[in-house]
Student: 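Submitted below is the structure of interest, expressed as structure tokens.
Only a predicted model underlies this, so the values are computations on that prediction, with no experimental measurement involved. Keep in mind that the numbers below use all heavy atoms, side chains included, and drop hydrogens, waters and symmetry copies. Lettering of chains follows the sequences in order, A, B, ..., and the numbering in each one begins at 1.
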2 protein chains.
Amino acid sequence: MEFKEAKNKFVQTWGALGSQWGINKTMAQIHALLMVSKEPLSMEDIMEELQISRGNASMNIRALMDWGIVYKEFKQGERKEFFTAEKDLDELAIKIAKERSKREIKPALKVLKEVSTGVEEKSTEAKYFAEQTDKLYEFVLKTDNIIEKATEYKDNWLTKLLMKMMK
Amino acid sequence: MEFKEAKNKFVQTWGALGSQWGINKTMAQIHALLMVSKEPLSMEDIMEELQISRGNASMNIRALMDWGIVYKEFKQGERKEFFTAEKDLDELAIKIAKERSKREIKPALKVLKEVSTGVEEKSTEAKYFAEQTDKLYEFVLKTDNIIEKATEYKDNWLTKLLMKMMK
DNA sequence: TTAAACTTTCAAAAATAATTGAAAGTTTAT
DNA sequence: ATAAACTTTCAATTATTTTTGAAAGTTTAA
């Protein structure tokens, strides 16, 4: 397999995986590209390599930086900005987990709490609803807590998590 | 808060959460609705409650059944089909995890393996690419294995996983 | 201060995904 | 075998999301 071909296949696959997980395809592709690039890339490089517009590149790079998984770099004597990906995979996983927890899980938990406790009605149906949403609340909360604990440790987090839970 | 209002809020929230995780909104809403319904619902019920077409209901119910998290039920003397959600949350999580692993992670792993080992070229760039994709492969594989182990246990899976890993 | 080099913004366009609804298909009862 | 009751399919439509590209904004150098 040609290097170029392999790189393209990787970038496409990572992009498709991103889509399936609610992440914009281009965003995932830029990330993929930066993951396998030894040297930081400029916006031009990225536009060129992925065949995308300047606006698209700009917006998605910004989104990746907001997630804290892509960094801006400056090169000696160069005016333009360069970008690199967070390449420590544990760190990457932690950042993504934390961000998704903050943006999606926490708000959902808030709503679950509200609806599970906020209904006065005492019909069988309403009681069942409260029961189920409460269970869901507890479950999601538990899951989120595990993620939170796990991300307190950077290296070998699972082992360390186990240690703490066992003591 | 009115029961109806709360139910609606829950269904909408669950639907939005689904979208953010790459799951069709209606699919997530149907699932949400069934989660809080004590009695099985018919396709009519679902169409009515979510204000969606018959085709939409049919396709998304089928998808939920393919995921193994919604079941068909038959009622005494009734001709039409009724549906219920898997309400055991551990079981639900396991099914979702397994299905996503099978559909998305496993195929991605295959590609990662291919591209990380398939490039002959010996340039610095190509070597770096192979290195990075290999690391990614190992990481995703490790993560997928943890999920796999975790889902071997239905109840209190984490504790049991720990036991096994500790021995 | 000016202008070149570069980045961001955002309305419009394009691409993608979800939804509809009616026809075709299936099952059940008689 | 027929028809009523119900479900599925899928081409066309609609809604949503992404992308473009040019104008506006920013920074740097001289």
Side-chain angles (χ1 to χ4, degrees), chain A residues 11-34 40-67 70-84 100 103-104, chain B residues 11-34 40-67 70-84 100 103-104:
Chain A
V11 168
Q12 295 307 320
T13 304
W14 212 243
L17 199 63
S19 303
Q20 287 166 326
W21 287 84
I23 286 139
N24 171 306
K25 189 185 73 185
T26 302
M27 188 171 153
Q29 286 182 342
I30 294 174
H31 182 251
L33 184 60
L34 293 174
L41 301 182
S42 69
M43 207 151 89
E44 294 287 343
D45 295 336
I46 292 168
M47 287 164 60
E48 164 69 19
E49 189 103 37
L50 301 179
Q51 293 292 309
I52 56 173
S53 72
R54 190 171 296 285
N56 197 5
S58 174
M59 284 173 123
N60 284 111
I61 290 169
R62 132 94 60 168
L64 285 163
M65 291 197 301
D66 289 347
W67 277 71
V70 159
Y71 311 115
K72 213 175 256 188
E73 294 219 346
F74 295 96
K75 269 194 187 171
Q76 189 57 283
E78 288 266 20
R79 180 101 156 247
K80 59 171 161 267
E81 300 168 336
F82 289 80
F83 305 94
T84 36
R100 296 205 82 151
R103 296 185 194 203
E104 297 149 17
Chain B
V11 167
Q12 296 305 321
T13 304
W14 211 242
L17 198 64
S19 303
Q20 287 166 325
W21 287 84
I23 287 139
N24 172 305
K25 189 185 73 184
T26 302
M27 189 171 151
Q29 287 182 342
I30 294 174
H31 181 251
L33 184 60
L34 293 175
L41 301 183
S42 70
M43 205 152 90
E44 294 287 344
D45 294 336
I46 292 168
M47 288 165 59
E48 164 69 17
E49 189 101 38
L50 301 178
Q51 292 293 309
I52 58 174
S53 72
R54 190 171 294 285
N56 196 6
S58 173
M59 285 174 123
N60 284 109
I61 290 169
R62 132 92 63 162
L64 285 163
M65 291 197 300
D66 288 348
W67 277 71
V70 159
Y71 311 115
K72 213 175 254 188
E73 295 219 346
F74 296 95
K75 269 194 187 171
Q76 189 56 284
E78 288 267 18
R79 178 102 155 246
K80 60 169 159 267
E81 300 167 336
F82 289 79
F83 305 93
T84 35
R100 296 205 82 149
R103 295 184 194 204
E104 296 149 17

Student: State, to 0.1 Å, how close B/E104 and A/L17 come at their nearest heavy-atom pair, and which atoms those are.
Tutor: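 For B/E104 versus A/L17, the nearest heavy atoms are O-CD1, 3.7 Å.
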Student: Taking all non-hydrogen atoms of both residues, which atom of A/G18 and which atom of A/A28 are closest, and how far apart?
Tutor: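 A/G18 and A/A28 have their closest heavy atoms at CA-CB, 4.0 Å.
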Student: Taking all heavy atoms of A/Q29 and all of A/G15, pick out the closest pair and write down the distance.
Tutor: CG-CA, 3.8 Å
Student: Applying salt bridge (charged side-chain N to carboxylate O under 4.0 Å, His left out), name anything that partners A/E73, two or more places apart in sequence or on another chain.
Tutor: none
Student: Can you see which heavy atom on B/T84 is nearest to which on B/P40, and at what distance?
Tutor: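 Minimum heavy-atom separation between B/T84 and B/P40: CG2-CG, 3.7 Å.
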Student: Which residues in residues 18-31 of chain A have at least one heavy atom lying under 4.0 Å from any atom of DNA chain C?
Tutor: none
Student: Between CD1 of A/I30 and CH2 of A/W14, what distance do you get to the nearest 0.5 Å?
Tutor: 15.5 Å
Student: Below 4.0 angstrom, which residues in residues 71-83 of chain A have at least one non-hydrogen atom near DNA chain C?
Tutor: A/R79, A/K80, A/E81
Student: Only counting residues at least two apart or in another chain, list the ones meeting salt bridge (charged side-chain N to carboxylate O under 4.0 Å, His left out) with B/E48.
Tutor: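 Salt bridge (charged side-chain N to carboxylate O under 4.0 Å, His left out) list for B/E48, sorted by chain: empty.
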Student: Of the non-hydrogen atoms in B/L34 and B/I46, which two are nearest, and what is the gap between them?
Tutor: CD2-CD1, 4.3 Å
Student: On a heavy-atom basis, which atom in A/K25 and which in A/S19 lie closest, and how many Å separate them?
Tutor: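 Shortest heavy-atom contact: CB-OG, 3.7 Å.
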Student: Mind checking which nucleotides bracket the chain A contacts on DNA chain D, 5' to 3', with an atom under 4.0 Å from a heavy atom?
Tutor: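 First-to-last contact on DNA chain D, by the 4.0 Å heavy-atom rule, is D/dT18 to D/dT28.
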Student: Any side chain to side chain donor-acceptor pair (under 3.5 Å) pairs touching residues 50-60 of chain B, not counting sequence neighbours?
Tutor: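 Pairs touching residues 50-60 of chain B that pass the test: B/E44-B/R54.
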Student: Examine A/R100 relative to A/W21 and say whether NZ or CZ is less than 6.0 Å from the centre of the six-membered ring and inside a 45° cone about the ring axis.
Tutor: no
Student: Holding to side-chain hydrogen bond (donor to acceptor under 3.5 Å, both in side chains), I want the full list of residues that pass it with A/N24, two or more places apart in sequence or in another chain.
Tutor: none
Student: With sequence neighbours left out, write down each residue that passes side-chain hydrogen bond (donor to acceptor under 3.5 Å, both in side chains) with B/E81, or none if nothing qualifies.
Tutor: B/K72
Student: Can you list everything that forms a side-chain hydrogen bond (donor to acceptor under 3.5 Å, both in side chains) with A/S42? Sequence neighbours excluded, please.
Tutor: A/D45
Student: Taking DNA chain D as the partner, which of residues 41-49 of chain B come within under 4.0 angstrom of it by heavy atom?
Tutor: B/M43
Student: Please identify each residue that fulfils side-chain hydrogen bond (donor to acceptor under 3.5 Å, both in side chains) with A/R79, with sequence neighbours left out.
Tutor: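 Listed in chain order: nothing, the list is empty.
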Student: Of the residues in residues 55-65 of chain B, which ones touch DNA chain C at a heavy-atom distance under 4.0 Å?
Tutor: B/G55, B/N56
